[in-house]
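Remember, it's a predicted structure, so these values are computed and weren't measured experimentally. Heavy-atom basis, side chains included; hydrogens, waters and symmetry copies ignored.
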Amino acid sequence: FGGQTPLNLAADLAKNGVTIIGTSPASIERAENRKEFAAMLTKLGLQQPPNGTATDENGAVSVAQRIGYPVLVRPSYVLGGRAMQIIYDEETLRRYMRVHGPNAGPDRPILVDRFLEDATEVDVDCISDGELSVIGAIMEHIEQAGIHSGDSACVIPPFSLSDTVLRTIAEATKAMAKELDVRGLMNVQFAVRENVVYVLEVNPRASRTVPFVSKAIGVPLAKLAARVMAGAKLKDLGFTEEIVPPHYAVKEAVFPFNRFPGVDITLGPEMRSTGEVMGIDADLGLAFAKSQMAAGGPLPIKGNLFLSVKDSDKPQAAELAKSYTDLGFKVFATAGTHAAILAGGGTATRINKLAEGRPHVLDMIKNGEIAFIINTPSGADPRADEIRIRTAAVSHRVPIMTTLSAARAAVGAIRSLQAQGLAVKTLQEFHAEM
């Protein structure tokens with residue numbers, strides 16, 4: 001129940017005569033060992049992104065050339081996604097390996113995976129007693145794959161995945177739980193790209209999402225798992241089928257950026273959140289809106305919007321601007337984004353970049369003239385201007401989204417807020433309606 005640390009301790013504890021209840025150290029090793037895990041997936045007919053391991057610079061480059069860029073690289077011996085990075089070229093990979101390669105070895109390799117761009121990430125929590133496996137929940141991430149699962153907002157039940165994809169995910173989860181002989185909780189991370197399901201990672205343990213899932217479905221999963229690990233059967237405990245709630249529950253991450261002035265707030269593979277909150281409602285938009293309120297960034301329902309996106313996001317800028325204009329917002333944008341909006345038939349007011357002189361967006365933020373900011377970072381080394389804008393947003397408590405997927409989710413939330421307003425019900429009332 002303590003995350004990755006117990007998995008790391010299990011084998012040595014067993015060697016020293018400690019009885020490990022629940023999932024055995026041998027099964028944990030099958031899930032943690034890259035080669036054994038790949039062999040298990042092959043046996044079960046499941047797909048994973050092309051991958052490899054390396055212990056030195058040339059080895060990492062060789063793997064990347066074989067599987068293709070971009071690659072997701074990370075040391076196998078760290079927690080919380082530390083030092084995890086998405087890399088698009090050989091030069092950056094070599095630079096990364098010069099820093100992290102010296103600490104690698106046969107038992108502590110650098111993991112290199114093909115990064116699936118534009119994929120939807122999915123988390124699954126399940127519980128198994130060795131005979132029966134039951135899905136606790138399938139959670140669809142709002143942010144695309146590439147954002148650490150601890151930093152991404154996610155939704156129960158999924159809102160855009162097809163029934164076929166959901167069935168594939170459920171069947172794959174149960175097959176892996178049986179093959180690993182899991183006794184207790186298991187968390188699986190999938191990526192879905194063009195309706196193809198890839199297995200990213202399996203952790204035969206409790207994950208940070210268990211409290212969220214338990215509240216969403218009204219079942220105390222940790223309590224049941226403790227009983228199962230001690231030998232109880234799910235049938236006897238009365239939990240035999242997945243519960244898909246009639247309401248939406250949205251988990252949102254909480255970040256400490258307001259305590260670290262000047263630190264860039266962009267999200268990536270390395271986990272940065274320090275807590276989680278939850279919004280719940282029959283309407284997905286309102287559930288998302290509640291999660292933003294709980295996380296400390298309530299969404300506005302009117303005002304001025306500053307929109308500035310990286311080059312690869314510019315084709316979507318016009319559509320996004322139109323969505324917010326339709327909601328009554330006045331859109332301001334700097335030259336590049338402004339041109340993209342106009343080219344796509346959208347409406348926006350051009351504003352100076354910081355280097356072009358005043359007035360610029362920092363002036364508007366300080367004067368309380370900006371209600372909402374959408375600013376997607378330009379790359380691994382974001383420009384200083386971007387960081388100043390994002391930092392100003394945090395210090396002046398202006399809600400800000402740094403991914404297009406979150407900005408789109410906010411559209412639905414604001415639309416629901418404008419149409420319905422908020423209502424409050426207790427968890428017990430939601431659970432009574434299931």
Could you give the distance from [atom1] ([X]) to [atom2] ([Y]), rounded to the nearest 0.5 Å?
| X | Y | atom1 | atom2 | result |
| --- | --- | --- | --- | --- |
| Ser273 | Ile147 | OG | CD1 | 11.5 Å |
| Phe306 | Ile365 | CZ | CD1 | 7.5 Å |
| Asp125 | Asn203 | CG | CG | 10.0 Å |
| Met293 | Leu417 | CE | CG | 8.0 Å |
| Thr240 | Glu242 | OG1 | CD | 12.0 Å |
| Leu72 | Ile86 | CG | CD1 | 6.0 Å |

> Tell me the ring pair (Phe, Tyr, Trp, His ring centres under 6.0 Å) pairs involving residues 223-248, sequence neighbours left out?
Replying inline: His247-Phe430

How close do [X] and [Y] get, heavy atom to heavy atom, and via which atoms?
| X | Y | value |
| --- | --- | --- |
| Gly344 | Ala318 | CA-CB, 3.5 Å |
| Phe1 | Ala226 | CZ-N, 3.8 Å |
| Pro109 | Thr53 | CB-CB, 3.9 Å |
| Pro25 | Ala10 | CG-O, 4.0 Å |
| Val411 | Leu327 | O-CD1, 3.9 Å |
| Val199 | Val202 | CG1-CG2, 4.1 Å |

Show the atom names and distances, to 0.1 Å, of all donor-acceptor pairs under 3.5 Å that link a side chain in residues 114-122 to residues at least two apart or in another chain.
{"from": "Arg114", "atom 1": "NH1", "to": "Ile67", "atom 2": "O", "distance (Å)": "3.4"}
{"from": "Arg114", "atom 1": "NH2", "to": "Tyr69", "atom 2": "O", "distance (Å)": "3.3"}

Check for a donor-acceptor pair, side chain of [X] on one end and backbone N or O of [Y] on the other, with a separation under 3.5 Å.
| X | Y | result |
| --- | --- | --- |
| Arg193 | Tyr198 | no |
| His396 | Val398 | no |
| Glu143 | Ser405 | no |
| Ser291 | Phe288 | yes |
| Asn16 | Asp12 | yes |
| Thr92 | Ile87 | no |
| Ser323 | Glu319 | yes |
| Ser214 | Leu221 | yes |
| Ser152 | Ser149 | no |

Can you confirm whether [X] is buried at [atom1], in the sense that more than 12 heavy atoms of other residues, nucleotides or ligands lie under 6.0 Å from that atom?
| X | atom1 | result |
| --- | --- | --- |
| Lys314 | NZ | yes |
| Lys223 | NZ | no |
| Glu241 | CD | no |
| Arg227 | CZ | no |
| Arg66 | CZ | yes |

>> Using the rule given for side chain to side chain contact (heavy atoms under 4.5 Å, CB included), can you reason through Arg94 versus Asn58, listing the C-alpha separation, both sets of side-chain angles and the distance that settles it, and then say yes or no?
In response: CA-CA 8 Å; Arg94 287 190 179 279; Asn58 289 333; 3.1 Å; yes

>> Show me the pairs that pass side-chain hydrogen bond (donor to acceptor under 3.5 Å, both in side chains) and involve residues 159-174, at least two apart or across chains.
In response: Glu140-Ser160

Quick one: does [X]'s side chain get under 4.5 Å of [Y]'s, heavy atoms only?
| X | Y | result |
| --- | --- | --- |
| Val73 | Leu93 | yes |
| Leu44 | Met176 | yes |
| Val331 | Lys322 | no |
| Ile110 | Tyr96 | yes |
| Asn33 | Glu29 | yes |
| Pro49 | Leu200 | yes |
| Phe329 | Ile414 | yes |
| Ile127 | Leu185 | yes |

> Does the pair Gln47 and Leu41 meet the rule for a side chain to side chain contact (heavy atoms under 4.5 Å, CB included), with working shown?
Replying inline: CA-CA 7 Å; Gln47 293 196 63; Leu41 295 183; over 6 Å; no

> So, Asp123 versus Thr209: side-chain donor-acceptor pair below 3.5 Å or not?
Replying inline: no

> Lys425 and Ile280: side chain to side chain contact (heavy atoms under 4.5 Å, CB included), yes or no, with the steps?
Replying inline: CA-CA 9 Å; Lys425 288 200 306 194; Ile280 184 168; over 6 Å; no

>> Please determine whether side chain to side chain contact (heavy atoms under 4.5 Å, CB included) holds for the pair Gln4 and Arg205, giving the CA-CA distance in whole Å, both sets of side-chain angles, and the decisive distance to 0.1 Å.
In response: CA-CA 8 Å; Gln4 188 65 30; Arg205 57 163 170 83; 3.6 Å; yes

>> Out of the candidates Lys310, Glu386, Arg390, only one should pair with Asn375 under the side chain to side chain donor-acceptor pair (under 3.5 Å) rule; please name it.
In response: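 Option passing the side chain to side chain donor-acceptor pair (under 3.5 Å) with Asn375: Arg390.
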
> Salt-bridged, Glu131 to Lys235, with N to O below 4.0 Å?
Replying inline: no

